[in-house]
Amino acid sequence: MALTREQLAQRVAQEFKDGYYVNLGIGIPTLAANYIPDDMQVMLQSENGLLGMGAFPLDEEVDADLINAGKQTVTMVPGASIFSSAESFAMIRGGHVDLTVLGAFEVDCQGNIASYMIPGKLIKGMGGAMDLVAGADNIIVTMTHASKSGASKLLAECTLPLTGKGCIKRVLTDLALMDIADGKFILRERAPGVTIEEIAKLTGGELVIPDNVPEMTF
Amino acid sequence: MALTREQLAQRVAQEFKDGYYVNLGIGIPTLAANYIPDDMQVMLQSENGLLGMGAFPLDEEVDADLINAGKQTVTMVPGASIFSSAESFAMIRGGHVDLTVLGAFEVDCQGNIASYMIPGKLIKGMGGAMDLVAGADNIIVTMTHASKSGASKLLAECTLPLTGKGCIKRVLTDLALMDIADGKFILRERAPGVTIEEIAKLTGGELVIPDNVPEMTF
Amino acid sequence: MSGFDKVVTSYEEALEGLEDNMTIIAGGFGLCGIPENLIKEIKRRGTKGLTIASNNAGVDGKGLGILLEDQQIKKMIASYVGENALFEAQMMSGELEVELTPQGTLAEKMRAGGAGIPAFFTATGYGTPVGEGKEVREFDGRNYILEEALYGDFSIAKAWKADRYGNLMFRKTARNFNPMAITAGKISVVEVEEIVEVGQLDPDEIHLPGIYVNRLIQGTFEKTIEQRTVRSA
Amino acid sequence: MSGFDKVVTSYEEALEGLEDNMTIIAGGFGLCGIPENLIKEIKRRGTKGLTIASNNAGVDGKGLGILLEDQQIKKMIASYVGENALFEAQMMSGELEVELTPQGTLAEKMRAGGAGIPAFFTATGYGTPVGEGKEVREFDGRNYILEEALYGDFSIAKAWKADRYGNLMFRKTARNFNPMAITAGKISVVEVEEIVEVGQLDPDEIHLPGIYVNRLIQGTFEKTIEQRTVRSA
């Protein structure tokens, strides 16, 4: 069975370590914040200038001056700090964020990522995504493995305009967790009940299948 | 009569305008702060990270955490602000300081300045001087016109290593105030009692003498 | 009155000298921390042919979005321009030129413009459409592209509190692009919620020194929230 | 204990991993805001062959000056090295290599190192000995030189107040190079006068977020004044 959104978020959260500063993109990455283990602390960076993002506010706490990068009203945790956009991206570009999680349209086995633009459709812009993929050493891309019509999004070469070149080393899809190295996808884990054959069929780029590919556990 | 140190400082102060942010180098430039007219406000920038430097402290006010670029204990005026060295030089390099006054060993009629190093003697370093001359549009160099042995310090070409290239447009010496333009010194004012001939004799670079060269008034 | 008193009393005076075809650097992220009254004054003046650098272009009817209604913007330099139907229509029709710039690069380009750094190298955008036509250079085994500084004829920004000398404090994430935007404009205009007397702000707590501020005005703000998200108690 | 708790309890632990021939980025201006106890710990450890980037090199017997006594420094990257006879002697004898760097360029090189900017252009130093061998490029009719970022194996710095997560506040002109120095080191070690509990610092008033700080230690400081200048009442 393909992972649900919640399971994807749960699997992302397994990558967290105590003391990690993490930037979570909009969508599934953001959901991962709900699965931080109780014995662990993770601090969320929001690229509009906040380190230590908390939960959504209570109705009476809503503050128009306190939003996240998705323009949602948020709160701050104790130990949070505020800074300008230049400082925020100095932090991101300088590699100080421990983990970045974001979505994508396509990833290829060269570590390229396409996530911000579909030519001919509306161009909304890359926001901070290009800086995030260029700045982080440790990035997880979350996406569906293939389109609804069965076209793979894990390709030999991205077809859409790139967000970043050669910067992705780990992809989590609804079917599998893969590393990327030396121009190949390396299958690390399978979604529960999904076979290696199904994954291989839906993977466009070269795929390395180790002897042991465990099922994900939650 | 050649100007005294105090008169040099007084003449520098005549360049101040109400609302000017000014960086004053060590020595005579610093003295100019004593001659800010009463009906005028000037805010002093100290490149170690202080805008709004005040007088020296009273004995009981001395604070090791509050010094100027000459490492002297100082105070802050109301409206002062504190910032990092990177911010301080962003301010300087970005041209936000209205007037910079600093000393020099030599200036030439190409607008070059040499002020930080005499080869063979001790090399102390340029501190912020290179940033100050590169960043300011409005710079006054204060210096003696010639050495004690009568060698001009206003040259056709600097002999010492440069602090900045083509950045000086105005020089105040103990004998004269000069502008620099198109590869020439232009005599603007004379020290009281000093003749044009004396100045011309002690000026190494090409000198333009306008019809009217008034004496300085204090 | 001091030569350092930056306070002006009308929005008309605040934007005096703004002319057609000028470049404006604007602070704000989405609708958070935007100079909303200064934007309204630009609309009132009817200034045309503007190039505006701002992370976003507002939304329909709010923020910079209102300048689209009378086609006042010729070119937008922004990182994200979604949530704006009029923007989309003008971009698609070619009326509006858009230079998409990564958010961090945009912030750094503004900082560079204020800091006397004409250009810098960054890995952001290398190998993507953003890097096309830009110089690529390798440092320590990695490729970077050369990005140039941004400068504005004007900058418009919003802060929380100021003293009359223009020393500024921002509040929470309404800080965002505002400090850098202010430094990059030849004439910088800042609107604030409160102006206090000189000496009331702690020098250690000033976020941006008044040297960068040319004109200061006190305003009242709508502070529209784009995504009101709440949890239940 | 939290994964974000940066507090260490001994200076020995604070500099664990510091080895011969490493590069250190240090905060401070003159003797103001220097990490004086961390410098003393480097002396105690006897680490040799160090490259140190710091605006100044201390004075005889104070600050980085004490590391000259046992020839621990191989190379200094600094803007001003006066007021130090031992420094002069070692420089003249060739024991000590010195790379004089303009003060603003030094600050920006540290910031660049922390901010993922491998190089930037600046007018500072163009046409001077500092510009020799560096690329020159014209932007808008003016010449600039290319300067590269500085990176440290360690950075050592001093702040005023911190919370246990390493969020920092500096005091008056003791801020100086400290914030940038901290960002440019792989392992950044900060000593402070006071450590408060998490949540006691206002997020808007934090000068440098704890993300940049790896180790934090509370110390007591001599705060030597170089030029005690006073006026009479």
Side-chain angles (χ1 to χ4, degrees), chain B residues 46-50 53 55-76 80 82-93 95 110 112-114 116-117 119 122-135 161-167, chain D residues 27 29-33 55-56 78-84 88 91-92 98 100-108 110-111 122-131 143-144 160 170-181 207-208 221-233:
Chain B
S46 188
E47 64 264 29
N48 56 318
L50 165 60
M53 178 168 54
F56 293 138
L58 295 173
D59 196 62
E60 62 270 24
E61 287 173 341
V62 166
D63 184 340
D65 287 344
L66 186 54
I67 65 170
N68 65 17
K71 284 121 187 172
Q72 299 171 309
T73 47
V74 294
T75 57
M76 293 188 278
I82 293 285
F83 33 84
S84 73
S85 299
E87 291 302 319
S88 182
F89 284 93
M91 197 178 278
I92 288 168
R93 205 190 303 105
Q110 306 301 324
N112 298 326
I113 173 172
Y116 85 103
M117 177 180 173
L122 177 60
I123 298 152
K124 292 190 172 186
M126 68 294 284
M130 282 192 182
D131 307 278
L132 283 160
V133 298
L162 296 185
T163 306
K165 194 172 166 66
C167 49
Chain D
F29 180 93
L31 298 179
C32 180
N55 189 56
N56 311 88
S79 87
Y80 188 82
V81 293
E83 282 84 69
N84 197 324
E88 186 183 346
M91 180 167 68
M92 290 303 185
V98 180
L100 286 177
T101 303
Q103 195 172 144
T105 297
L106 181 61
E108 191 69 11
M110 290 183 190
R111 178 190 181 273
T122 174
T124 301
Y126 164 71
T128 78
V130 166
N143 285 312
Y144 297 82
W160 172 48
F170 302 91
R171 186 170 174 276
K172 300 186 181 174
T173 56
R175 189 181 317 186
N176 57 61
F177 281 83
N178 282 298
M180 295 85 68
H207 293 134
L208 193 76
F221 297 84
E222 289 180 37
K223 295 197 187 182
T224 307
I225 292 173
E226 278 185 76
Q227 306 280 340
R228 188 185 175 92
T229 45
V230 296
R231 71 176 197 279
S232 39

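Numbers restart at 1 for each chain; the letters A, B, ... are given by sequence-line order, proteins then strands. Computation of the quantities below employed the complete heavy-atom set of this structure, encompassing side-chain atoms and omitting hydrogens, waters and symmetry-equivalent molecules.
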| Part of D/Asn143 within contact of chain B (heavy atom distance under 4.5 Å) | neither
| task | Can you tell which part of D/Ile225 gets under 4.5 Å to a heavy atom of chain B, answering side chain, backbone, both or neither? | result | side chain
| note | Turns out that what part of B/Glu61 lies under 4.5 Å from chain D's heavy atoms comes down to side chain
| query | Quick one: does B/Thr73's side chain have a donor or acceptor within less than 3.5 Å of a partner on D/Thr229's backbone? | reply | yes
| Could you state the interatomic distance from CZ (D/Arg111) to CD (B/Glu87), rounded to the nearest 0.5 Å? | 8.0 Å
| Would you say the side-chain atoms of B/Asp131 pair up with the backbone N or O of D/Gly104, donor to acceptor, closer than 3.5 Å? | yes
| request: Hey, could you give me the OG/CZ distance between B/Ser85 and D/Arg175, rounded to the nearest 0.5 Å? | output: 10.0 Å
| For D/Asn178, which residues count as a side chain to side chain contact (heavy atoms under 4.5 Å, CB included) partner, sequence neighbours excluded? | D/Ala157, D/Lys158, D/Phe170, D/Asn176
| field | Under 4.5 Å from a heavy atom of chain D, the part of B/Asn68 involved | value | backbone
| message | If you apply the rule side chain to side chain contact (heavy atoms under 4.5 Å, CB included), what do you find for B/Ile82 with D/Thr173, and how did you get there? | response | CA-CA 7 Å; B/Ile82 293 285; D/Thr173 56; 4.0 Å; yes
| query | Between D/Pro129 and B/Leu162, what is the shortest heavy-atom contact and its length? | reply | CD-O, 3.4 Å
| Residue part contacting chain D, namely of B/Ala129, when any heavy atom lies under 4.5 Å | neither
| note | Smallest heavy-atom separation, B/Met126 atom then D/Val130 atom, equals CE-CG2, 3.6 Å
| field | Closest non-hydrogen atom pair between B/Ser84 and D/Pro179, with its separation | value | CB-CG, 4.1 Å
| Quick one: what part of B/Thr163 sits under 4.5 Å from any heavy atom of chain D, side chain, backbone, both or neither? | backbone
| query | What are the two closest non-hydrogen atoms of B/Arg93 and D/Thr122, and how far apart are they? | reply | CD-OG1, 3.4 Å
| Should B/Cys167 and D/Tyr126 count as side-chain neighbours, where that means a heavy-atom distance under 4.5 Å? | no
| request: Would you mind reporting whether D/Gln227 and B/Ile67 have side-chain heavy atoms less than 4.5 Å apart? | output: no
| request: Cation-pi check, B/Lys71 to D/Phe29: give yes when NZ or CZ is under 6.0 Å from the six-membered ring centre and within 45° of the ring axis, no otherwise. | output: yes
| query | With side chains defined as the heavy atoms from C-beta onward, is the minimum distance between B/Phe89 and D/Gln103 less than 4.5 Å? | reply | yes
| Given a strict heavy-atom distance threshold of 4.5 Å, which part of D/Thr105 is in contact with chain B: side chain, backbone, both, or neither? | both
| said: Between D/Met110, D/Arg171, D/Glu108, who has the most heavy-atom pairs with chain B when the cutoff is under 4.5 Å? | reply: D/Arg171
| note | Of all heavy-atom pairs linking D/Pro102 and B/Met130, the shortest is CG-SD, 3.7 Å
| field | Side-chain heavy-atom pair D/Arg228, B/Asp59 within 4.5 angstrom cut-off | value | yes
| said: Counting heavy-atom pairs closer than 4.5 Å to chain B, which one of D/Gly27, D/Gly30, D/Cys32, D/Ala233 comes out on top? | reply: D/Cys32
| Which residue out of B/Gly166, B/Ala80, B/Gly127, B/Ala86 racks up the most heavy-atom pairs below 4.5 Å with chain D? | B/Gly127
| For chain B, the option from D/Asn56, D/Asn84, D/Thr224, D/Leu106 that forms the most heavy-atom pairs under 4.5 Å | D/Asn56
| task | Heavy-atom distances under 4.5 Å only: say whether D/Thr101 touches chain B with side chain, backbone, both or neither. | result | backbone
| Cationic N near anionic O, under 4.0 Å, B/Asp63 to D/Lys223 | no
